[in-house]
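FYI, side chains are in, hydrogens and waters are out, and symmetry mates aren't considered; it's all heavy atoms of this structure.
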Amino acid sequence: MISELADRLDRAALSATAIPRLAAAAGLDPAGAYDVQRALVERRLARGERMAGVKMGLTSRAKMAQVGVDEVIWGHLTDGMRIDDGGVLDLTRLIHARAEPEVAFLLSHDPEPVVRAVAPALEVIDSRFEGFDFSLPDVIADNTSAAGFVVGPWRPVPEGLDNLGVLLEVNGRVVQTGSTAAILGDPRRAFDAAVRLAGGSGVELRDGWIVLAGAATAAVPLNPGDHVRAVVEKLGTASFKASS
């Protein structure tokens, strides 16, 4: 069953075709959903992609309460998801793409995982489920809706990361405002959760990997030709353009 579910999600992503929710019919709980996620990512690696890091989800206390969980979720990042800062996102590969501003950490492993540097970032999410509608096991199985990410310039970690202002701009207009406090009160807590959860699942975090800490604002839908930029106080900017 795990392999069959991973195949369905993989085909949906490759063909940019939405599929019905699958967790309930398959009796999938969160633990089983992570097994599907792992099998899904293995298909990407078999096609030549390489692991680039991990990403956190449900890092907003309000979102946790909304779905009735008290723990963040996590997913995998591969180099095939990377978009250059200022680069172009191919919207034709996605079903209903959305963007959200984040904080990224550069991981150093010497000998334990620690933060080497920090950067402003954008994540592109794209649920493979019809209507962007899913349960908790569904979104876990779908690699937490991971589709792409942009990382701005790396810089030393500032003294405080717990209440930095965050803007999300589309075509030069501010469409979302927020704070890094929305990420578990402090994005560094998301980094700690990434180390704990990924390590507990047998994933060896590697030097140079990226950890996306989670969204600082709500995600916004993307349209062809959109110029998207995240601005994070003290950290700078990260941006991309959606293909037209």
Side-chain angles (χ1 to χ4, degrees), residues 13 16 49-50 52-57 59-60 75-107 115-127 132 143-158 160-161 163-183 187-188 190-191 194 208-244:
E49 296 182 35
R50 295 181 298 174
V54 297
K55 55 152 291 187
M56 308 309 294
T59 50
S60 158
H76 297 70
L77 298 175
T78 73
D79 60 353
M81 300 175 189
R82 188 190 299 269
I83 305 160
D84 291 337
D85 189 17
V88 177
L89 167 70
D90 183 1
L91 276 188
T92 64
R93 298 185 302 104
L94 306 177
I95 302 166
H96 19 49
R98 304 182 183 196
E100 53 192 28
E102 302 215 6
V103 170
F105 293 110
L106 183 62
L107 191 144
V115 174
R116 183 196 306 175
V118 65
L122 285 155
E123 185 183 3
V124 178
I125 58 175
D126 184 40
S127 172
F132 213 88
N143 196 26
T144 65
S145 302
F149 65 95
V150 179
V151 176
W154 294 108
R155 62 186 64 236
V157 181
L161 281 177
N163 193 23
L164 303 181
V166 178
L167 303 177
L168 180 61
E169 300 175 352
V170 177
N171 301 324
R173 182 172 63 90
V174 175
V175 295
Q176 292 285 339
T177 62
S179 165
T180 56
I183 308 170
R188 286 169 293 197
F191 177 86
W209 276 14
I210 292 164
V211 175
L212 290 183
T217 75
V220 298
L222 297 175
N223 296 301
D226 280 347
H227 289 262
V228 183
R229 186 170 80 141
V231 183
V232 183
E233 182 185 357
K234 294 185 181 180
L235 301 186
T237 67
S239 67
F240 69 87
K241 178 182 178 181
S243 60
S244 54

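Going from atom CZ of F240 over to atom CD1 of I83 covers 5.5 Å, rounded to the nearest 0.5 Å. Considering CZ of R229 and CG of D85, their distance stands at 10.5 Å, rounded to 0.5 Å. Taken to the nearest 0.5 Å, the NZ atom of K55 stands 8.5 Å off from the CE atom of M81. Between the OG1 atom in T78 and the CZ atom in F149 there is a gap of 7.0 Å [rounded to 0.5 Å]. One distance of note links OG1 of T237 with CG of L122; it measures 9.0 Å at 0.5 Å rounding. If you take CG on L212 and CD on E102, they are separated by 5.0 Å, rounding to the nearest 0.5 Å.
For the pair D79 (side chain) and A52 (backbone), a donor-acceptor distance under 3.5 Å is absent. Using modelled atom types, one side-chain atom of S243 and one backbone atom of L89 make a donor-acceptor pair closer than 3.5 Å. Using modelled atom types, one side-chain atom of D90 and one backbone atom of T92 make a donor-acceptor pair closer than 3.5 Å. Remark: the backbone N or O of L164 is paired with a side-chain donor or acceptor of T180 at under 3.5 angstrom.
Considering only heavy atoms from C-beta on, V170 stays 4.5 Å or farther from L222 through its side chain. Proximity of L235 to P158: side-chain heavy atoms (C-beta onward) are separated by under 4.5 Å at one or more points. Looking only at side-chain heavy atoms (C-beta outward), R82 and I210 come within less than 4.5 Å of each other. Using a 4.5 Å heavy-atom threshold, the side chains of H96 and D126 count as touching. Inter-residue side-chain proximity for L107 and F191 is flagged as met; some heavy-atom pair is nearer than 4.5 Å.
Closest approach of A194 to M56, counting heavy atoms only: CB-SD, 3.4 Å. Residue A215 comes nearest to I183 through the heavy atom pair O-CG1, 3.6 Å, listed as atom of the first residue, atom of the second, then distance. When every heavy atom of P224 is checked against every heavy atom of S244, the shortest pair comes out as CB-CA, 3.8 Å. In terms of heavy-atom proximity, V118 sits nearest to V157 at CG1-CA, 3.8 Å. Taking every heavy atom of both residues into account, G152 and A119 meet most closely at O-CB, 3.5 Å. For V232 against P120, the heavy-atom pair with the smallest separation is CG2-CB, 3.9 Å.
Under the rule for a side-chain contact (heavy atoms from CB on, under 4.5 Å), the partners of A242 that lie at least two apart in sequence or sit in another chain are L91, D226.
Residue pairs satisfying the salt bridge (charged side-chain N to carboxylate O under 4.0 Å, His left out) criterion with at least one member in residues 231-244, sequence neighbours excluded, are absent.
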For this session: Show your reasoning for whether side chain to side chain contact (heavy atoms under 4.5 Å, CB included) applies to V115 and R188.
Result: CA-CA 9 Å; V115 174; R188 286 169 293 197; 5.6 Å; no
